[in-house]
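Here is the structure we will look at, set down as structure tokens.
Just so it is clear: chains get the letters A, B, ... in the order the sequence lines come, proteins before strands, and each one is counted from 1. Reckoned from all heavy atoms, side chains included, excluding hydrogens, waters and symmetry mates.
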Amino acid sequence: MSAPESACAAALATASMEVMTGNDAAATAAKLARVQVIAAYPITPQSPVVEQLSAWVESGELPAEFVTVESEHSALTVCIAASTVGARTFTATSANGLAYMTEQVWWAAGARLPIVMCIANRAMAAPWNVLNDQQDSMSVRDAGWVQLYCRDNQEILDTTLQAYRIAERLHVPVMVCYDGFLLSHTMMPVSVPDAAVIDAWLPKYDHPLTVVDPADPRNIGPVVIADPRADASGEGHGGYMEIRAQLHGALLEVLDVIPKVDSEYGAAVGRQWGGLLWEHMLDDAEVVLVAAGSLGTQLTVAAEKLREEGVKAGVLGIRAYRPFPVAALRGKLAGRKLALVYDKALAYGYEGPICSDLRGCLLGTPDAPAVFGAVCGLGGRDVPVDQLAGAARRALADAEAGLRVRETDWINLHLEG
Amino acid sequence: MSTTKNGQEISMSRPSVGEAGRTGDWRNDRPVMDATKCLAVKQGRLTCQICWVYCPDGCIAQGIGPVIDLAYCKGCGICAQECPAGAISMEPEADHGTCAIDAATAEEAGR
Ligand code: SF4
Ligand code: SF4
């Protein structure tokens with residue numbers, strides 16, 4: 001986090017400092033965004049978000065429609081319907097809940113609806129486990145949503161607010177991902193901006209792509225055929241590929257919009273988060289530790305420990321995982337000796353998702369570092385700093401021995417003994 | 001914002017005849033109406049119209065009796081199933097020679 005010199009001092013002066021969990025930070029952001037329709041189904045560790053929002057709606061503090069539903073599939077379906085007619089919507093889920101709504105996750109993106117959904121990251125069953133990793137959101141990385149990963153509770157609040165501006169500017173849905181329990185249930189001081197500051201920064205959403213006008217009705221979401229065609233009135237319509245290509249184009253445009261919105265937020269509210277990526281002691285780093293979410297914070301301690309031992313280590317944090325910040329990553333990693341990616345998820349039968357994405361985007365670029373992967377923290381397994389640093393030492397020894405390809409390292413795994 | 005001719009970002013259109021494409025070329029069996037059995041024709045007034053209600057493609061126009069637009073009828077047979085008077089029967093498309101919409105479809109494909 002950095003506070004720009006020109007930060008709106010008035011905004012910071014009117015903000016109130018509160019101690020809250022990550023879930024409360026997410027709920028508070030939704031309230032500040034003046035969401036009009038909320039539909040969510042409780043699941044650990046996301047449940048307190050839903051409980052807080054429903055309490056505010058019940059008390060009248062939040063004048064929104066809270067739709068109680070029987071499943072996550074219906075929760076997102078309600079948001080899809082409400083967003084289609086132009087409402088600002090919010091939902092949140094975790095793990096199996098996200099898996100249950102997967103069909104509609106794809107629909108929301110293909111229909112270009114600016115829904116914001118918080119994900120309190122949790123392991124996927126089986127075996128049953130309610131603790132943290134990032135397998136849930138990683139499993140829907142290709143669905144066409146923007147995915148932003150947060151380091152702490154302040155970033156959850158700020159990112160959720162930024163998410164609305166990103167979503168509504170380009171008509172794409174945004175997932176704000178934060179680690180279950182590690183952030184969702186951990187209390188931290190959070191600066192809550194004054195409602196008037198956010199009202200000015202995030203005006204009412206009034207430009208949906210859908211036309212909802214009884215006097216000039218539309219078919220919304222009719223089936224498309226393979227090829228473009230003219231409709232009965234002669235107007236040209238894209239086929240499936242044209243609509244999908246434009247979704248992809250919008251996601252690529254988001255790469256410019258995320259840093260812009262981050263700095264606009266900084267100017268209005270007084271905090272910004274690095275846009276697509278964040279870094280710690282990266283300037284002269286030869287060994288770069290890469291991760292998304294709170295694991296990145298843990299890596300900053302590991303990097304400092306490595307520095308004490310004479311290893312020039314630094315951290316590059318992934319804030320935007322989708323769209324994947326290819327150019328920014330190439331710029332930050334050219335000329336380094338090694339990038340070690342710590343994934344809290346696994347593409348079973350291959351390797352960690354961030355690791356393969358990063359290696360792919362660096363492949364063939366000049367001065368690309370060796371890219372190695374490590375998997376850690378699955379199902380809430382602890383990620384102790386000394387073990388994170390140990391993995392970096394092993395990776396560095398392998399890179400210095402000339403290895404360019406290596407099996408995924410498993411951190412803190414105890415198959416024997 | 002896209003500048004292409006087919007640049008609409010989402011699937012959305014104005015409701016109109018044929019908006020979902022020429023579904024008539026999906027048809028294997030065609031509904032054939034025997035007007036002498038149709039309740040509306042028998043009573044000489046706009047009654048029944050159950051076939052119009054049930055057609056999932058909206059290709060039956062109300063009338064004494066109702067008129068089926070074969071350019072868009074996909075041949076599902078629901079109208080024949082629902083008609084309380086048994087006035088509609090499904091007959092193999094092949095029995096009717098070349099499908100009447102072929103020429104129009106070919107013209108559309110060549111555009
Ligand atoms: S109900 Fe089916 S068969 Fe009958 S007219 Fe409609 S599409 Fe054709
Ligand atoms: S359902 Fe049968 S009887 Fe009724 S209007 Fe249609 S064709 Fe006539």
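The OG atom of B/Ser11 sits 12.0 Å away from the CG atom of A/Leu209 when rounded to the nearest 0.5 Å. The CD atom of B/Gln8 sits 9.0 Å away from the CD atom of A/Gln246 when rounded to the nearest 0.5 Å.
The shortest side-chain heavy-atom distance between B/Arg14 and A/Asp216 falls under the 4.5 Å cut-off.
Counted within 6.0 Å of CD on B/Gln81, heavy atoms from surrounding residues, nucleotides or ligands total 12 or fewer; the atom is thus considered open. More than 12 heavy atoms of other residues, nucleotides or ligands shown are found within 6.0 angstrom of CD on B/Gln62. Heavy atoms of other residues, nucleotides or ligands lying less than 6.0 angstrom from CH2 of A/Trp201 number more than 12. Heavy-atom neighbours of B/Tyr54 OH from other residues, nucleotides or ligands within 6.0 Å: at or below the threshold of 12. Environment of OH in A/Tyr205: crowded, with over 12 heavy atoms of neighbouring residues, nucleotides or ligands closer than 6.0 Å.
Note: A/Pro222 leads A/Pro222, A/Gly110, A/Ala111, A/Pro217 in heavy-atom pairs under 4.5 Å with chain B.
Of all heavy-atom pairs spanning A/Ile243 and B/Glu9, the tightest one is CG2-O, 3.5 Å. In terms of heavy atoms, B/Pro15 sits closest to A/Arg218 at CD-CA, 3.9 Å.
With a threshold of 4.5 angstrom between heavy atoms, A/Ile220 approaches chain B through its backbone and through its side chain.
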